[in-house]
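Encoded as structure tokens, the structure appears first; notes follow it.
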There are 2 protein chains.
Amino acid sequence: MTWKSVNFDWNHIRAFLVTAEEGTLSAAAKALGLTQPTLSRQVSALETELCITLFERVGQRLVLTSSGLELLEHARRMGDAALEFSLAATGQSQQIEGSVVISAGELTAAYMLPKIIAKLRREEPGIDIEVVVTNEPSDLKRREADIAIRSFHPKQNDLIAKKVGEEVIWLYGTQQYLDKLPSITNFSELHDIQIIGFDRSNSLTDVLNKQGWKLSKQNFSLITSFQLLQLELCKEGQGVIFFPEQMGDKEPNLVRAYEHLGPVMTLPVWLVCHQELRTSLRVRRVFDFIATELSDNFY
Amino acid sequence: MTWKSVNFDWNHIRAFLVTAEEGTLSAAAKALGLTQPTLSRQVSALETELCITLFERVGQRLVLTSSGLELLEHARRMGDAALEFSLAATGQSQQIEGSVVISAGELTAAYMLPKIIAKLRREEPGIDIEVVVTNEPSDLKRREADIAIRSFHPKQNDLIAKKVGEEVIWLYGTQQYLDKLPSITNFSELHDIQIIGFDRSNSLTDVLNKQGWKLSKQNFSLITSFQLLQLELCKEGQGVIFFPEQMGDKEPNLVRAYEHLGPVMTLPVWLVCHQELRTSLRVRRVFDFIATELSDNFY
DNA sequence: TCCAAGTCATGCGTATATGTATACCTAAGA
DNA sequence: TCTTAGGTATACATATACGCATGACTTGGA
């Protein structure tokens with residue numbers, strides 16, 4: 001095997017890849033924890049080495065040339081392989097010290113993780129925790145997070161999931177707002193109510209209507225995916241919200257609406273991590289710790 | 001996309017990969033054009049960074065650990081991607097200066113390439129030529145060569161082949177040796193002859209026997225794949241050889257055997273290069289030049 | 001058993017890569 | 001039109017990586 005043809009600086013390829021994907025040298029430098037001049041020089045060095053113009057400099061932007069675009073495809077594959085290497089290496093590591101990235105929705109992050117993380121840090125001071133707060137699914141394969149807390153079962157078959165509980169969702173509102181609502185014997189009679197919505201899609205409406213509710217767009221005048229804002233709007237009397245009981249019951253200004261009708265729905269809570277990370281001492285420690293703490297929280 | 005997880009020194013992966021494949025730090029360093037201390041430090045840096053022992057040091061050898069072996073798989077994929085990047089980049093290059101690697105059998109290399117290369121170098125002094133002499137097929141995908149001269153049509157569908165001629169193979173021997181042979185009217189009557197063989201396999205014997213020859217192992221007491229040695233043994237009167245007429249007819253000590261029966265076989269000569277390299281100015285220039293010169297040689 | 005060749009690890013001096021600072025430029029908003 | 005923010009390229013000082021030299025050790029052959 002002749003290695004001559006791969007005897008170039010692989011870090012220059014990395015610079016090219018991240019610059020192309022991020023769009024600017026500055027962003028790429030930041031992403032890699034280097035400085036812009038360094039990235040600039042690495043990309044230029046690659047161009048010189050290959051005698052190929054990878055980017056046209058247009059104003060303050062870098063625009064990929066057709067050559068650059070073609071080579072980017074190959075650079076991406078190298079990046080994908082690097083990612084897999086990284087994933088496998090983390091899985092092999094027997095070191096407890098280091099960082100773990102946890103992905104969770106904003107409510108879980110705000111209401112449940114603080115105490116869990118504080119306790120974990122007391123027991124494992126060598127483990128650094130980074131929390132990525134997002135209501136979107138995190139791509140564990142791409143290492144956006146090491147561990148995710150989610151309310152849906154993962155579809156990918158290289159992920160490991162453990163169910164740690166159920167979120168019971170009630171309808172909550174201020175006492176003042178609820179006093180103005182009519183008495184009902186089941187949710188199908190509930191028309192004239194403002195529910196602070198999560199997004200514009202009809203998925204939630206469809207699910208509830210399947211359960212007998214009679215909702216339409218008129219019931220969702222306020223929409224925000226930022227759940228903590230939902231909570232505040234609810235506290236301002238702007239409507240009711242769907243909220244997990246572990247959190248809603250802790251809000252002194254809110255009460256359950258139509259408690260006699262029972263909860264609206266339940267959502268499972270899954271703790272997920274990538275299969276390859278299960279062999280990492282550190283990730284396994286954090287996973288098991290959170291699993292135990294969350295289970296205690298729900299049961 | 002978070003780039004944090006690929007923010008390690010990719011050149012350390014390269015060091016690990018080449019060291020694992022070559023078996024020693026010294027060999028790997030040589031292959032990469034670096035020094036052994038540098039490779040040693042790069043591999044050690046990677047081990048420290050990952051907190052994983054990749055190699056056990058056993059005597060003067062490095063032995064992959066099980067962790068190392070698992071990670072090697074991912075490093076290989078990164079190397080493969082680097083190779084493809086390199087191939088594509090060469091194909092994109094519009095620079096004429098640089099080197100081109102040509103793979104050819106020993107006879108072609110000894111008899112035909114000298115003049116062709118000399119002429120090419122006079123016309124294109126900026127192009128460096130490296131010739132890899134092997135009777136085995138070179139892997140163009142892995143960049144063992146940029147251009148190959150072969151007597152079989154390539155099977156891979158990402159190679160470009162151009163037929164540049166036919167090698168006419170005759171049976172050659174010294175006049176003295178041939179004088180002792182019986183008169184025959186066709187090759188099926190030829191039993192008591194020593195043919196200096198190419199290898200131990202029966203493939204040549206099978207091909208000739210299909211054409212009516214009656215050969216067996218007894219006809220091949222001397223076997224060497226080194227064709228120039230075959231030639232010398234033939235000149236020493238140790239037997240006859242199959243040889244292309246472009247070369248055999250130039251040997252003053254050899255004559256065609258049984259010329260009245262015609263040539264033994266013809267072999268096509270293909271000039272092959274990887275599809276992606278066709279867009280490289282340099283490779284295309286060399287390819288076209290050799291194609292023309294070889295064609296002139298055969299016709 | 002001894003010797004020669006080859007291997008890895010380490011210290012030191014040199015070469016190269018990186019970060020800081022700065023100049024110049026572009027794009028967007030007031 | 002002016003201002004601000006953000007972008008790239010370049011010079012200089014500093015930090016890091018590399019090559020050379022060397023020592024310790026292993027391996028194979030005489």
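Here the structure is a predicted model, which means the values were calculated and not measured. Computation of the quantities below employed the complete heavy-atom set of this structure, encompassing side-chain atoms and omitting hydrogens, waters and symmetry-equivalent molecules. Here is the naming used below: chain letters follow the sequence lines, and residue numbers restart at 1 for every chain.
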Q: Find out whether the Lys NZ or Arg CZ of B/R278 is both under 6.0 angstrom from the six-membered ring centre of B/F287 and within 45° of the ring's axis.
A: yes

Q. Is any side-chain N or O of A/T38 closer than 4.0 Å to OP1 or OP2 of C/dG19?
A. yes

Q: Calculate the interatomic distance between A/R14 atom CZ and C/dA17 atom C1'; express it in whole Å.
A: 13 Å

Q: Using whole Å, report how far CG of B/N11 lies from C1' of C/dA17.
A: 12 Å

Q) What is the distance, rounded to the nearest whole Å, between atom CG of A/L34 and atom P of D/dA15? A) 17 Å

Q.
Nearest whole Å is fine: how far is D/dC18 P from B/H12 NE2?
A. 7 Å

Q) Does A/S26 place a side-chain N or O at less than 4.0 Å from the phosphate oxygens OP1/OP2 of D/dG6? A) no

**Q.** Among D/dT8, C/dT20, C/dA9, the one nearest B/Q36 by side-chain distance
**A.** C/dA9

Q. CG of A/L39 versus P of C/dT20: gap in Å, rounded?
A. 14 Å

**Q.** Value in whole Å for how far the P atom of C/dG6 lies from CD of B/E22
**A.** 16 Å

Q) Quick one: do the B/T224 and B/Q230 side chains pair a donor with an acceptor below 3.5 Å? A) no

Q: Give the rounded distance in Å between these two atoms: NZ of A/K30 and C1' of D/dG7.
A: 14 Å

(Q) Quick check for you: to the nearest 0.5 Å, what is the distance between A/L140 atom CG and A/E276 atom CD? (A) 12.5 Å

Q. Below 3.5 Å, does any donor atom in the side chain of B/R41 face an acceptor in the base of D/dG19, or the other way round?
A. yes

(Q) Using OP1 and OP2 only, check whether a side-chain N or O of A/S40 sits under 4.0 Å from D/dA9. (A) yes

(Q) So if I take every side-chain heavy atom of B/Q42 and compare against D/dC18, C/dA9, D/dA9, which nucleotide ends up nearest? (A) D/dC18

Q) Taking atom types as modelled, is there a side-chain donor on B/W3 or A/E22 under 3.5 Å from an acceptor on the other? A) yes

Q.
Measure CG/A/L25 against P/C/dG19 and give the value in whole Å, please.
A. 13 Å

Q: For the pair B/T90 and B/S93, evaluate side-chain hydrogen bond (donor to acceptor under 3.5 Å, both in side chains) and give the outcome as yes or no after the intermediate values.
A: CA-CA 5 Å; B/T90 303; B/S93 177; over 6 Å; no

Q: With the side chain of A/T35 defined as its heavy atoms from C-beta on, choose the nearest nucleotide among D/dA9, D/dG19, C/dG19.
A: C/dG19

Q) DNA chain C: A/P37 or A/D9, which has the more 5' nearest nucleotide? A) A/D9

